[in-house]
Amino acid sequence: MIYYRLAWSSLKRNKQQYGLFVFASAILVALNFIFLALIANTSLKNANGGNYIVLMSNLYLRFVLMLSVIFMFYVDSFIMKQRNQELGLFNILGLTRSDLRLIIIIEDILLYLGTIILGLLMGVSFLKLAFLSLQKLMQTQNLHEQFSRQPFLQVIGIFAFFFILILIYNLFRLRKVKPIDLWGQAAQGERQPKNHWILAILGVLTLAAGYFIAVTVKPRITSFTQFTLAVILVVIGTYFVFIAASISMLQFLKNRKQFYYQPNHFISISGMFNRMKQNGAGLASICLLCTTILVTMIATISIYQGGQDVLNSWNPYDIMMTTKQPLTVQNQQTIKSLAKTNQIRLGQQQQMAMTEPTMGNLTKQKFQKTDLSTSTCTLSTLTIKDYNRIQHQHVRLKANELLIVSSNNSYQASKILIKGHQYQIRPVSSFKLYFNYERTILKPIFIIAANQKIAQQINPQPWILVNGINITGQHQKQFVQQLQSTFKLDESFSSRSQLKESFNNLFGGFLFLSIIACISMLLVTVLMIYYKQVAEGYADRERFQTMQQVGLSKQETRQAIHSQVLLVFMLPIIGATVNIAFALPAISSILKQLSLYNDQLVIYVALSTLGIMLLAYLAIYGLTTKVYERLVHAY
């Protein structure tokens, strides 16, 4: 009973740190519970595109679970370091190592029970709101929350495992240390580090390599692998640079006598020297979390907002059919008959003859055929006759002249070399039948030639007929199904309404999952900053109080505090901004594989997201600085 009372008394005395740990861990329990409920939900699995959402939920669940365990170990290490002095006092009063071990076990059990109960209450409370939000984003009414034992048991078991790991780590740590030595460990700092120029140079080179890959990556099938490599290099380089650069920066400031020998600068710089390795690693972690939040939100918001552009690229007309022969009169009559049966009104129709696409690379000077792994675009050709009919124009071309259609009119060269022949090029700003044939990850390029002979010479592929039909009416789904079944065009038939439903489900669900994951990352980021400030506040409190006793005024103390906090606090968000600036080309390349070619939208979303992040970061700065200041001023 005495051990329980000691454990409970310790939790009450440190309720600010333990309470925040339980609250944050409970939120992570709730978020993981929502992921598990999504995975187990049968209505989501049966929804259009629901299997993809379940698959993404599994991936996000693994990421958030990894984030949860890292965060819990991080906070536990901070709390245990603050508790070392208390454990040492218990030892001096007569408690043995076994007694201390039992107290830690009881505390861990109490923390687990508080976390899991509060987390499940939050998870159940927010589950309905989560499904309503998911319905809104997916634009469907077919989803509903379901309560089953499986998510409850899974989250209880998973977090029990996490707490057992933390307990084992704490008991092992206690076994390796003499209990009497715990008394002085809370106040111990790190050994003053030396400049690690090799680490700094290696960090800069690693970052530069990651940035170079991110900037030069092309929208091809291997770009995701390249982007993954760039991410790994940036993560490693960020840690190296933050640790080494932080030490170098402090050494540089210390050598500037006029700057260093001022009360606020002297206090902050001398204090940070003793814990700069830990500071650098913590700042790097915060920087990478901010970067991950920004990358995730930029990508998901861009694809969600650009869904209409993707839809237009895949289906410029309500129905797209590709055939090898023109539609006969009988075919046209069948279409009209099915439309009448389903009360559908046929609107504008277009037909275009084009060559099947060829994969390759298009530069400012030439087009070269390549295989899928190295291709960035597909090239198809058609005649000026079809182009004029579709566009209602009267353009004339010579034998050596071509029109070229590309996404966002991105190709602006005046000449092009294809199969040893050089042609004069005129870019076209818009084309009503510009679309992504076969919905590949490659950017479609259309070349308009003077006649079929030149078109076939440029792209010697079989000719196909592309048919676009606009429709209106109430029974479009039935009409589309009957039309597809009648013509038996499984792979070369697509419906705008079906694609729109799939896009809404897929992109909306992806955005929803990303928001939950970003909430987890934001929570971890805020609390890492908070605990970092608290840890430094405890470490600096005695030093500031000693300085105040020998004449340091409260105003000078406040200035020193702001100097120290500001000196390192802005580094993570600056680093995240630099990372995002170099990551944007890679993000844009990956989005282009989803047929989103609107770079202006991506830049606008990036600037907006970064602005919101900066405002949130400054708000966190203000709040955590007050916490640090209260700790330092506590006598």
Please report the interatomic distance [atom1]([X]) to [atom2]([Y]), rounded to the nearest 0.5 Å.
X: Asn459; Y: Phe446; atom1: CG; atom2: CZ; result: 11.0 Å
X: Asn400; Y: Ile454; atom1: CG; atom2: CD1; result: 8.5 Å
X: Leu523; Y: Cys518; atom1: CG; atom2: SG; result: 12.5 Å
X: Gln498; Y: Gln481; atom1: CD; atom2: CD; result: 6.5 Å
X: Met354; Y: Ile464; atom1: CE; atom2: CD1; result: 4.0 Å
X: Tyr617; Y: Leu614; atom1: OH; atom2: CG; result: 10.0 Å

Point to revise | Candidate pair Tyr434 and Ser406, rule side chain to side chain donor-acceptor pair (under 3.5 Å), full reasoning | key: CA-CA 8 Å; Tyr434 176 81; Ser406 58; over 6 Å; no
Point to revise | Criterion side-chain contact (heavy atoms from CB on, under 4.5 Å) on Ile335 and Leu346, from CA distance to verdict | key: CA-CA 9 Å; Ile335 294 173; Leu346 298 176; 4.0 Å; yes
Decide whether [X] and [Y] meet the rule of one side-chain donor and one side-chain acceptor closer than 3.5 Å.
X: Ser380; Y: Thr355; value: no
X: Ser494; Y: Asn315; value: yes
X: Arg496; Y: Asn312; value: yes
X: Asn331; Y: Thr334; value: no
X: Ser302; Y: Tyr604; value: no
X: Tyr211; Y: Asn579; value: yes
X: Ser514; Y: Tyr60; value: yes
X: Asn467; Y: Gln351; value: yes

Exercise for review: Give a yes or no on whether the ring-centroid distance for Tyr304 and Phe510 is below 6.0 angstrom.
Suggested key: no
Hey, does [Y] have a side-chain heavy atom less than 4.5 Å from the side chain of [X]?
X: Met521; Y: Thr296; value: yes
X: Ile213; Y: Leu229; value: yes
X: Thr358; Y: Thr378; value: no
X: Gln349; Y: Tyr317; value: no
X: Ile587; Y: Val295; value: yes
X: Arg62; Y: Leu65; value: no
X: Phe227; Y: Ile590; value: yes
X: Val395; Y: Glu401; value: no

Check your understanding: ring-ring contact (aromatic ring centres under 6.0 Å, His included) with Phe503: which residues, sequence neighbours excluded?
Key -> Trp314, Phe507
Has the side chain of [X] got a donor or acceptor atom that lies under 3.5 Å from a matching backbone atom of [Y]?
X: Gln452; Y: Thr383; answer: no
X: Gln391; Y: Lys432; answer: yes
X: Asn32; Y: Leu28; answer: yes
X: Asn41; Y: Leu38; answer: no
X: Asp386; Y: Leu382; answer: no
X: Asn342; Y: Ile344; answer: no
X: Ser313; Y: Asp309; answer: no
X: Asn361; Y: Gln368; answer: no
X: Thr486; Y: Gln482; answer: yes
X: Gln343; Y: Lys340; answer: no

Tell me the closest heavy-atom pair linking [X] and [Y], and the distance in Å.
X: Gly509; Y: Leu134; result: CA-CD1, 3.8 Å
X: Lys366; Y: Ile416; result: CA-CG1, 3.9 Å
X: Ala455; Y: Thr381; result: O-OG1, 3.0 Å
X: Leu584; Y: Ala606; result: CD2-CB, 3.8 Å
X: Ala583; Y: Ala214; result: CA-CB, 4.5 Å
X: Met352; Y: Phe431; result: SD-CZ, 3.6 Å

Hey, is [atom1] on [X] packed in by over 12 heavy atoms from elsewhere, all under 6.0 Å?
X: Phe126; atom1: CZ; value: no
X: Lys500; atom1: NZ; value: no
X: Gln393; atom1: CD; value: yes

Exercise for review: Report the residue from Ile298, Leu596, Asp599 that forms a side-chain contact (heavy atoms from CB on, under 4.5 Å) with Leu591.
Suggested key: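 Single side-chain contact (heavy atoms from CB on, under 4.5 Å) partner of Leu591 among Ile298, Leu596, Asp599: Leu596.
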Review point. When you look at Leu442 and Met359, which way does the side-chain contact (heavy atoms from CB on, under 4.5 Å) test go after all the steps?
Key: CA-CA 8 Å; Leu442 307 176; Met359 296 181 296; 3.7 Å; yes
Check your understanding: Which of these, Glu356, Gln456, Gln325, sits in a side chain to side chain donor-acceptor pair (under 3.5 Å) with Trp463?
Key -> Gln456
Practice item. For Asn470 and Ile319, run side-chain contact (heavy atoms from CB on, under 4.5 Å): C-alpha distance rounded to whole Å, both residues' side-chain angles, the deciding distance at 0.1 Å, then the answer. Key: CA-CA 6 Å; Asn470 282 334; Ile319 294 174; over 6 Å; no
**Study point:** Audit row: Asn505, Ile53, side-chain contact (heavy atoms from CB on, under 4.5 Å) steps and yes/no
**Key:** CA-CA 8 Å; Asn505 290 342; Ile53 304 302; 5.7 Å; no
